[in-house]
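The structure under discussion appears below in the form of structure tokens.
Below, read A as the first sequence line, B as the second, and so on, with proteins coming before strands; counting in each chain starts at 1.
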Amino acid sequence: PPLQNNQPVEFNHAISYVNKIKNRFQGQPNIYKSFLEILHKYQKEQRNAKEAGGSYTPALTEQEVYAEVAQLFKNQEDLLSEFGQFLPDA
Amino acid sequence: SYDFTPLDSSAVYVLSSMARQRRASQS
């Protein structure tokens with residue numbers, strides 16, 4: 001989807017965060033890959049819910065996303081707390 | 001570095017839309 005110019009703060013923050021994760025887990029590509037999978041799962045659930053117009057409850061809540069990422073980033077407190085800045089209702 | 005793969009770009013997209021949603025719900 002096209003990126004919108006009127007949201008540069010969130011976009012720049014997301015770029016720098018993704019870069020940070022990539023660098024941190026350079027030697028552990030599976031961790032980075034799992035993180036991407038969690039994000040995509042979340043996005044898919046959100047999309048399903050949106051398309052169903054309220055008649056579908058996402059199977060993955062923000063709390064569950066946070067818990068999964070916490071498991072993944074267990075010794076990386078800074079990455080986890082920064083992730084919390086992205087999550088709605090974290 | 002900014003050598004992003006399409007997968008990275010989609011992660012950026014998800015994260016920034018999450019942050020937008022968060023901001024919208026706070027304001």
Taking every non-hydrogen atom, the tightest pair across A:F86 and B:L15: CD2-O, 3.4 Å
B:S16 vs A:H13 side-chain heavy atoms within contact, under 4.5 Å: no
Heavy-atom closest pair, residues B:V12 and A:A14: O-CB, 3.6 Å
Side chain proximity check, B:F4 to A:I15, heavy atoms < 4.5 angstrom: yes
Test salt bridge (Lys or Arg N to Asp or Glu O under 4.0 Å) applied to A:R47 - qualifying residues, sequence neighbours left out: none
Flag, side chain of B:R22 to backbone of A:G84, donor-acceptor distance under 3.5 Å: yes
Please list every donor-acceptor pair under 3.5 Å in which a side-chain atom of residues 31-40 of chain A meets a protein atom from a residue at least two apart or in another chain.
| from | atom 1 | to | atom 2 | distance (Å) |
| --- | --- | --- | --- | --- |
| A:Y32 | OH | B:D8 | OD1 | 2.4 |
| A:S34 | OG | A:N30 | O | 2.8 |
| A:H40 | ND1 | A:L36 | O | 3.0 |
| A:H40 | NE2 | B:S10 | OG | 2.7 |

Closest non-hydrogen atom pair between B:V14 and A:Y42, with its separation: CG1-CD2, 4.4 Å
Separation between OG1 of B:T5 and NZ of A:K22, rounded to the nearest 0.5 Å: 5.5 Å
